[in-house]
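Heads up, the thing below is written out as structure tokens.
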2 protein chains.
Amino acid sequence: MPAVRLSPTSYVVLGMISLRGPSTPYDLKRAVGHSVGYFWHFPHAQLYSEPERLTAAGLLTCETETEGRRRKTYSITAAGTEALESWIAEPSDSHFQMRDPAELKLFFNEVGSPEDVTRLAKGQIERHEERIALYEGMVARFGPEPTDNPRLITLELGLEVEYATLRFWRALAAGDLAGLRRRRGEPA
Amino acid sequence: MPAVRLSPTSYVVLGMISLRGPSTPYDLKRAVGHSVGYFWHFPHAQLYSEPERLTAAGLLTCETETEGRRRKTYSITAAGTEALESWIAEPSDSHFQMRDPAELKLFFNEVGSPEDVTRLAKGQIERHEERIALYEGMVARFGPEPTDNPRLITLELGLEVEYATLRFWRALAAGDLAGLRRRRGEPA
DNA sequence: GCCGTACCGTCCGAGGAGGACGATTGCGGC
DNA sequence: GCCGCAATCGTCCTCCTCGGACGGTACGGC
């Protein structure tokens, strides 16, 4: 049972199995796809390899189907639950990372033309409007009151951020960043 | 001159050299540290390996110091500039990623205790307040008017996002997510 | 039964992360 | 000048992440 370094990915796997009960990698893939996946993307292949690592570390157990499709069902162990809980309890260390290609393009916009910036902004506005519609739909379906479903709380954070970036790109397209600053100063 | 896949990291290197002129990896490290680095982190080692790749692809040229400290100075080529410009001009494909460990913890908070959430929120509030102070300081120093310095425009986006997340964690700590939703609906 | 299609699992090569370590330089003390 | 120390700068190594390619499995239509 070698000690392994646990990454955020590890905790997503542990957390998902903890919330859902015993799961196969494919179960995880789908579950992640319409929840955590929206704000923390990772490729499906890791949902196959990561549980293996965690099993080796004693945080999961694995049961292999013998008949038909080879399939592995992972369950969380006491050690796994403990690891997850202590991660949740420990103070959060690092700041978030944005990783927005559009923001990069904007940063280097001096190189390009002003029309590039306008086009970029237009595209981003659409993109964020779509995302907001998606999130609002989820809220409407699963619980209009934020406290209805604890797992939906993070959606509120997602929405808050989406609206913020939308405001930014709209202000940029309208050439009114000063207005954006002014409105930020107002009481909320 | 083999064709290489260009990642966002590649464009950061190209963009930085394009803005600053010929640079050594260490120059880039420092330049990135107090600009792009705030919203797109990457380890310093890549600022040594990535220019090599780009040189192999013909997008940069490299001049090696012979005396004293081995040191390489990279300059952008015409092909490099072209690659950068066409990247800026092309429509932005993918949505941004948040990658916020705190958001993950919140998502899995059912596993933990309510005090964990409160503690998490308190920590995040501090963290984002610090970040906002840092950004506001930069704005005050380098250009109170958003349009003063084109490279500072992204700072406005950073601030907008920081304020949004700060509002969220404050609302969460105050147990008033409903209020957050209500205020989002108001005209801006 | 045969075939097409959606579903599911594994592999692999390239790139990213970030710490460890080694080399170089400048500076203060003598 | 010479030494030693600390800051600066460059490279390497190992593990992890990425994401597409590929191949196997189940199921419905005919």
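Residue numbering restarts at 1 for every chain, and letters A, B, ... go by the order of the sequence lines.
- R70(B) places its CZ atom 11 Å from the C1' atom of dC12(D), with the value rounded to the nearest Å.
- Looking at R131(B) and Y135(B), their side chains do bring a donor and an acceptor atom within 3.5 Å of each other.
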Could you list, one pair per line, each protein nitrogen or oxygen that sits under 3.5 Å from a nitrogen or oxygen of nucleotides 17-20 of chain D, together with the distance?
unit_1: dT17(D); atom_1: OP1; unit_2: S7(A); atom_2: OG; d: 2.9
unit_1: dT17(D); atom_1: OP1; unit_2: T9(A); atom_2: OG1; d: 3.4
unit_1: dT17(D); atom_1: OP2; unit_2: Q46(A); atom_2: NE2; d: 3.3
unit_1: dC18(D); atom_1: OP1; unit_2: R99(B); atom_2: NH1; d: 3.4
unit_1: dC18(D); atom_1: OP1; unit_2: R99(B); atom_2: NH2; d: 3.1
unit_1: dC18(D); atom_1: OP2; unit_2: Q46(A); atom_2: OE1; d: 3.2
unit_1: dG19(D); atom_1: OP2; unit_2: H41(A); atom_2: NE2; d: 2.8

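- Straight-line distance from the NZ atom of K29(A) to the P atom of dA6(C): 14 Å, rounded to whole Å.
- As rounded to whole Å, 12 Å separates atom P of dT11(D) from atom CG of L47(B).
- Distance, Y48(B) OH to dG22(C) C1': 13 Å, rounded to whole Å.
- In this model, a donor atom of one side chain and an acceptor atom of the other lie less than 3.5 Å apart for E162(A) and H95(B).
- Using a 4.5 Å cut-off on side-chain heavy atoms (C-beta onward), C62(A) and E52(A) make no contact.
- Residues T165(B) and E160(A) have side chains not in contact (no heavy-atom distance under 4.5 Å, counting atoms from C-beta outward).
- We find that CG of L28(A) is positioned 13 Å from C1' of dG9(C), with the value rounded to whole Å.
- The shortest distance between side-chain heavy atoms of L54(A) and L6(A) falls below 4.5 Å.
- Taking the centre of each ring, F168(A) and H128(A) stay at or above the 6.0 Å mark.
- Note: CZ (R71(A)) to P (dT10(C)) measures 11 Å, nearest angstrom.
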